[in-house]
There are 2 protein chains.
Amino acid sequence: MRRIEVGGAQPYAVTVGAGLLDTLDVPERQVALIHPGDLPRPFVERVQAALSPVVTVSVPARDACKTLEVMAGVLSRLAQVNLPRDGAVVGLGGGAATDLAGFVAASYLRGVAFYTLPTTLLGMVDAAVGGKTGVNLPEGKNLVGAFWPPRAVWCDTDTLGTLPPEVFREGAAEAFKHGLISDPGLLPRVLAPEFRPAGALLTETIADAIAVKAGVVTRDLTERGERAFLNFGHTLAHALEGVTHQTVPHGEAVGYGMHYAARVSRALGGADLTPDTLAFLRWQQPSPLPALTYDDVAPYMARDKKADSDGVRFVLLHELAHPYLTRVPDDVLRREFDGWRNDISQLG
Amino acid sequence: MRRIEVGGAQPYAVTVGAGLLDTLDVPERQVALIHPGDLPRPFVERVQAALSPVVTVSVPARDACKTLEVMAGVLSRLAQVNLPRDGAVVGLGGGAATDLAGFVAASYLRGVAFYTLPTTLLGMVDAAVGGKTGVNLPEGKNLVGAFWPPRAVWCDTDTLGTLPPEVFREGAAEAFKHGLISDPGLLPRVLAPEFRPAGALLTETIADAIAVKAGVVTRDLTERGERAFLNFGHTLAHALEGVTHQTVPHGEAVGYGMHYAARVSRALGGADLTPDTLAFLRWQQPSPLPALTYDDVAPYMARDKKADSDGVRFVLLHELAHPYLTRVPDDVLRREFDGWRNDISQLG
């Protein structure tokens with residue numbers, strides 16, 4: 001079992017290990033449990049046994065739950081059972097369900113205590129730490145939400161054993177990204193055979209990947225600076241998700257996006273990290289993308305959250321563990337897109 | 001013109017005076033303007049001339065705009081024009097529209113700059129200061145929202161001249177309440193003939209009433225302690241609104257609720273302030289309430305936001321300007337309700 005401290009205005013701890021769902025400790029007397037409908041029942045029942053929630057709300061699986069409409073229904077359920085302001089919301093599930101649960105917690109009575117129990121690798125390494133909560137709009141992903149840090153995060157590695165292998169590999173993208181931007185020791189471990197559900201490197205690798213994000217979040221709670229580095233690979237990733245109407249899984253989009261960002265980094269004079277990002281893609285085995293041109297994705301990149309009135313900023317790498325934020329000339333973006341498309345066409 | 005500073009983590013100023021809508025200064029380059037559809041056009045046009053918003057969104061009048069559904073539509077409009085995260089949301093209108101606009105600002109891209117231009121007395125004295133934003137649920141008022149302080153508030157007293165007299169008198173309830181809990185000098189001025197649109201006491205009285213709330217908010221940004229005192233009269237007021245399905249205007253409900261709280265205060269050994277609260281009701285001339293019993297309103301009081309797992313807490317007064325927070329025995333609440341009902345039946 002590993003414990004990672006996250007600092008900031010309201011510090012909290014992330015615990016990683018097996019069997020955690022049976023040992024949960026939430027001081028609030030009244031708890032609302034939110035989980036996706038496709039979560040294996042035993043996980044829901046273990047949490048119910050540990051926390052005795054006053055209401056358990058099942059929401060649609062994956063991103064189908066991240067809408068203002070679903071959120072309105074969940075909020076009404078909380079109001080119907082009269083969850084008090086000293087109650088708590090507990091989110092159990094993948095990143096989508098915990099993002100929704102967090103925004104519900106941030107908004108219900110203008111904010112109640114929030115706890116996260118991520119059940120996917122992506123949810124553990126990425127969504128559960130950092131305080132970002134929210135839902136999607138028809139116009140794009142994560143356009144609505146709040147910064148609302150949890151009071152505690154429990155990552156029970158038991159839950160990862162029920163994931164399809166491709167969902168586990170999908171989630172590894174964020175762990176690999178944390179290796180690239182901050183902790184190169186993670187890179188070989190993510191690709192090692194022992195990094196698998198119930199494998200010898202599982203808890204340690206997840207905990208180290210979380211520690212990277214915890215460190216960034218501790219130093220920069222509002223994404224003005226260093227926190228943006230966590231978006232390495234995400235500018236193209238978000239565009240791939242947008243242009244395909246969210247049919248590309250987030251972790252696979254990030255895998256593709258990291259390789260694009262590695263190419264752009266090299267084009268602007270940085271070290272050549274494309275062997276690493278290609279090695280990851282060969283390990284991850286993402287689904288092939290539809291045929292796309294630069295002109296297809298460019299409008300989505302322009303809408304990126306890191307964009308301001310002056311245009312899109314990219315997170316790039318001078319070398320391993322040395323990220324920076326910069327604007328990139330359009331001709332570079334276009335040329336590297338064509339090179340990237342050629343690279344990924346040769347993966348399969 | 002008067003200027004009131006509001007402290008806290010992110011200080012801002014409230015300006016009160018005539019002609020302010022023409023002199024607005026918002027540093028953000030891209031601005032979304034949100035206003036209720038029934039607002040007189042000249043006010044909207046003056047703000048458009050001053051700020052050149054990239055999008056102007058008209059929302060339903062009064063509480064009809066305070067729904068998650070309306071909010072979703074507004075957020076989509078902002079996403080469609082690609083309002084950047086260094087843009088701003090400006091709310092122009094009564095308390096309902098500015099509450100909605102504030103929650104939109106708090107949630108869009110997890111938070112953008114927010115400015116408030118209240119156009120009603122209630123909006124100026126109550127809704128515009130304190131950082132409370134939000135919408136209603138079918139289950140109750142203000143059950144969803146965020147603490148999201150504005151960057152600046154401009155109260156242009158010109159806008160009050162277009163209000164029906166009963167709407168102006170309605171809004172005076174919160175100013176009178178600020179007199180009761182903190183600044184007794186406000187009490188005779190609120191009831192004076194010169195406290196009227198374009199009257200000699202208008203700007204000064206509004207500014208002093210705002211200063212009470214600004215002081216409380218500066219000292220206590222999250223409603224753990226002193227801030228609860230601003231809810232004097234509101235426990236019954238919210239119940240009256242709930243049981244009548246929001247047909248009682250908020251300021252009239254507060255007028256009624258202050259008299260009930262004054263009676264309960266006296267019953268628990270406090271000074272007798274019922275002559276003041278009755279004088280206010282005679283001045284305000286609220287619409288008569290439907291016939292109600294204590295058992296009609298008690299469930300709504302139990303759902304009050306100040307309720308926690310141990311029950312409802314009331315804000316009471318030891319004497320003028322000496323509020324406190326306490327639980328009240330149910331038999332006292334019941335007995336004083338009957339006395340209150342008798343008092344208000346003799347108003348007309």
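Just so we're clear, the structure is a prediction, and the values are computed from it rather than from any experiment. Numbered from 1 within each chain, the chains take letters A, B, ... in sequence-line order.
N82(A) places none of its side-chain heavy atoms less than 4.5 Å from the side chain of E139(B).
For the atom pair R110(A) CZ and W148(B) CH2, the distance stands at 14.5 Å (nearest 0.5 Å). Between the CG atom in L109(B) and the CG atom in L137(A) there is a gap of 9.0 Å [rounded to 0.5 Å]. L143(A) contributes atom CG, which lies 11.0 Å from atom CG of L83(B) (distance to the nearest 0.5 angstrom).
Heavy-atom neighbours of chain B within the stretch residues 70-79 of chain A, taken at a separation under 4.5 angstrom, comprise A72(A), L75(A), S76(A), A79(A).
Residue contact with chain A, scored on non-hydrogen atoms closer than 4.5 Å, involves the backbone of T133(B) exclusively.
A 6.0 Å sphere centred on CD of E69(B) holds no more than 12 heavy atoms belonging to other residues, nucleotides or ligands.
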